[in-house]
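Written out below as structure tokens is the structure these notes cover.
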Amino acid sequence: MTQHQNHHGGRLERGGRLDRDQPIGFTIDGTALTGYAGDTLASALVANGRLRVGDSIYLRRPRGVLSAGVEEPNAFVRVNGEHNESMLPATTLELRDGLDVTLLDGIGVLDDRPDRNEYDKMHVHADVAVIGSGPAGLAAAKEAASGGARVVLFEQDFELGGSLLSDPTITVADQGALDYVASVRAELEAAPEVTVLTRTCVFGSYDNNFLVALEKRDDVASAEGGVSRQRLWHVTAGQVVLAVGAFERPIVFSDNDVPGVMLASAVKTYVERWAALPGRDVVLFTTNDSAYETARCLTKAGATVTVIDARPEVKAATSAQEGARRAGLTVRTASAVVGIEGSEGVTGAFVASIDDAGQLAGDAELIACDLVAVSGGWTPNVSLHSQRQGQLAWDDVLSGFVPSAGVKNQFVVGAGNGTYDTDDCLIEGARAGRGAAAAAGFPASSSADGGDAVAESAEVWRARQHRAAGTVRPLWAVPAPDGSLDTHFVDPHRDNTAADVLRATGAGMRSVEHVKRYTSISTGIDQGKIGGVNTIGLLTQLLSGNDTKAIPSGQPGQDAADAVELTASGQPARRPTPGTIGTTTFRAPFTPVAFTALAGRGRGALFDAARTSPAHSWHVEHGARFEDVGQWKRPWFYPQEGEDMDAAVARECRAAREGVAFMDATTLGKIEIRGADAPEFLNRMYTNPFLKLPVGKGRYGVMCTVSGMVFDDGVTLRLADDRFFMTTTTGGAAKVLDWLEEWSQTEWPELDVTLSSVTEQWSTVAVVGPRSREVIAKLAPDLDVSKEGFGFMEFRETTLASGIDARVCRITFSGELAYEINVPRWYGLKVWEDVAAAGEEFDITPYGTETMHVLRAEKAFPIVGQETDGTVTPHDLGMDWVVSKTKEFIGKRSFSRAAFTEPGRKQLVSVLPLDHTLRLPEGAQLVEPDALGDYTGEGLPTAPIAMVGFVTSSYHSQALGRSFALALVKDGPTRVGQTLLASFGGKFAEVEVREPVLYDKEGARRDG
Amino acid sequence: MMVIPCPFCGPRNETEYTYGGQAHVAYPENPDALTDEQWAQFLFYRDNPRGSYAERWQHSAGCRKWFNAVRNTHTYEITHVYRLDQARPDGLPKAPLATKEVGA
């Protein structure tokens, strides 16, 4: 890319909001340049005579700085550093020392190196949120804060003031504009309940006045360590004042993207705020009065200006045209810029007269210039208003969509409401500030501003704004002498032209939403801020009234009245208006937000809470590999030197089946249930009876949803007549407590039941295997551990040899003789270590969740969430015995629905691969052996192949010396002995269907 | 983010609450007396109006109490909150399910 040096512009000797004592060095594409404190990257580039930025995204056309704000579609840079920021607009990038940037050609590439900066989140409730700190926003914040309300003022720029920063010479509230800004700022910062946030863009507005804003803090983060670089603010506001300004529209003409074509308001901002002159010989092309202010400031800065005004001659002596002529400018009316000379930079503008219909009315004349400032009119920034489904209406006089009906508890003021006169912005802002403060319960104290002295009706107010705005003659597309529309750029970032819009309508697109998606207009980084309304305007020229009948209703800003009809005489209907068409939908974010900011500190270890048992440190020291179960870190297996997972699990399984092993079962959910009606409550919650469970015993229970599906399971102990101790699955603890509370509170408030989660209060060690009795006898010398003295599903309160009180249960999840020792969590690690020591002589082996899974699967104990998926009943699991036929319980009625009793339900079986070494993938589909037809596993079958089931669990069994799996198979129990095909990854394997329980079917090992 | 006024704790952020679906859907007195279709109606069918809707919430990260709220499903405005033992505010459209005699 060749660098076009704009040799005409540069830094003015005086003026601007700059600290000229503080030069700032920066680098762009390897070239060292200098700006001043107060510059943006874009203003520093303009001051260095560089309007030319990267090329366009697809057509690779040279591009230049177009704007001075968040709407910029061209000037994007990568900020180089330890972690590159992939794509930022130069127009909002605050210049800082050592900034190193690379110009981009319309698109950035994410840096795959980690971003090590810190990002924070803030959560705030405010009485009044004021968004925008131009004259309307400042007036609103001042009034809103005067009565003591908690006010947050958001400003996306690094300076307060908004448009006043570009109008430093005007008088505001009897002071200089910048003095006014400073005095209001001082007043706000002195108020104890007010927060002023600069560099903070509200990018999302949601129900209930919930606002999300991004605060950029590079200025402090780079200077001081330990300060987060950006903060995401979550703000709930009682009242919201939107004072968010307006965007100037470019004009769509041939080659309107050549570097040196710039928005007229941006030219003024560069000159007034940054003393940076974008050009010395300027053609100013306008459709309205606002650009004459740019002509004035350019002239003052020493530039020559030729005004090309699309509007016809206005004879009144007070007109802007006459004023400019009196100031010595050349003003050409009823004319347009119809083309640009130059490609790397503007060297001239072709100007021609236009007629009342906007068609060319004469030959084009070349005017030499180095800058073309354009103003196609103004578009109120309605994004945040519209995100809340605030109504819009097209205002023909203002030539823009303006908010027509408010959002509850919100006020729209200033240019964002089509109020362009600064004094009126102050009045409107103050009025809203007072209204918001009053609504929030903190009425404004009396103010010298007399902000609400004028109280016109909405109509009178609007008429006043119409007079203030003057007349606007929108030119949606200026014809080129050669008739082409190929370089009439509508959306420069997306490289979309008027020709593209024409192609969209030619293809039958009528709705602006369809045109947007057909062309990709408004889908770029500026999200339609530059091209949105110009596209709608173009559609009014390309569509006829007849076409508009095909425009679907319901677009924001769309006129309620029906589209224009063909006249009765068959004459062509008049064109639709922008109001007939409406806008596309405005969505968050208003400006781009990095994912790192959204993530905040929730990265890595802080992404989610990690729960560990008291013995976690022991597991780590003993080399456990961990598995996430819910939020818990559970030991998965404990590999020894040279062992892989299979070897470790085989060793752990052998220990549990042949000797003794122990497992940390602390993670099981635990709930205490107390109250006189606790037995009745449990009896209704579980499918099996609990009324007569004796104190001192436990019972396995299954809970179902109302629709009869297995919800959770576990063993519940009866501690006393009115006190139970329930265990739940590790992952189900929270939802089971929710479920119990819901029924207790909403359906059976008459039952005396109190529920407490005690998961964190208890630590549990499972001691498992034929020799577990000997280990428990050593640990708990007071306990009669004999088969007769301590039966299955019983529990005992005892004091361990260590002096620690424990509750020991005889429960098994492996089929082996097993005990569970429950102790207060505080002693969890100590008791775990004591078990390890007591078991040492028996070669006690720690085991993890993988071995637990193998052992329980050999016994066909289902795991909720693995063998079940919300469509599985207890009967499907072969657990008819757990479902009472006599009592009422949750889910019971559903079991008699036809769908539950008809054949075809998937039911639990085991499946054995004929190849004993093959471990089927969990989830593998099972089909009939002859169902494949000619399908070989390559590609997709010609017709769907009916599946009869799928594998839910699959392991290698140490006890059986082979692989095995559990599966849910249609009418599974009737298929025992049959052969099915398992299908996975394009492969097939024969499996034999068997009854679920494969090991110790008679339960002989349970009592040791 | 809605701010939901818990009848017991006062206004709190929506993130503290769990949604519980339509309110005033009574559990049938005698489920066995229902046809399969009536039972399925109770299990699976809920109203989905545009406008005022009485629904259940639990202040799950607060007092853990269940309560009822009337929310406008279009504007998300919550106009009433009331305890489970309080009557539904007058003047609200009745949920058809709640008034239908499912068990009859």
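Per chain, numbering begins at 1; letters A, B, ... match sequence-line order.
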Check the pair B:V3 / A:F210 against side-chain contact (heavy atoms from CB on, under 4.5 Å), numbers first and verdict last.
CA-CA 9 Å; B:V3 172; A:F210 181 65; over 6 Å; no
Is there any N or O donor on one of chain A and chain B with an acceptor on the other under 3.5 Å, and could you list each such pair with its distance?
unit_1 : atom_1 : unit_2 : atom_2 : d
A:K408 : NZ     : B:E77  : OE1    : 3.3
A:K408 : NZ     : B:E77  : OE2    : 2.6
A:D738 : OD1    : B:R64  : NH2    : 2.4
A:E741 : OE1    : B:Q58  : NE2    : 3.0
A:E741 : OE1    : B:R64  : NE     : 2.8
A:E741 : OE1    : B:R64  : NH2    : 2.9
A:E741 : OE2    : B:R64  : NE     : 3.1
A:E742 : OE2    : B:R56  : NH2    : 2.7
A:Q745 : OE1    : B:W66  : N      : 2.6
A:Q745 : NE2    : B:R64  : O      : 2.9
A:R893 : NE     : B:P31  : O      : 3.0
A:R893 : NH1    : B:D36  : OD1    : 3.3
A:R893 : NH2    : B:L34  : O      : 2.8
A:R893 : NH2    : B:T35  : O      : 3.4
A:R893 : NH2    : B:D36  : OD1    : 2.9
A:S894 : OG     : B:W39  : NE1    : 2.8
A:A898 : N      : B:D36  : OD2    : 2.9

By side-chain contact (heavy atoms from CB on, under 4.5 Å), which residues pair with A:P749, not counting sequence neighbours?
none
Got a sec, which residues hit ring pair (Phe, Tyr, Trp, His ring centres under 6.0 Å) with A:Y686, two or more places apart in sequence or on another chain?
A:F690
Contact origin within B:F44 toward chain A - heavy atom pairs under 4.5 Å
side chain
Could I get the full list of side-chain hydrogen bond (donor to acceptor under 3.5 Å, both in side chains) partners for A:T868, not counting sequence neighbours?
none
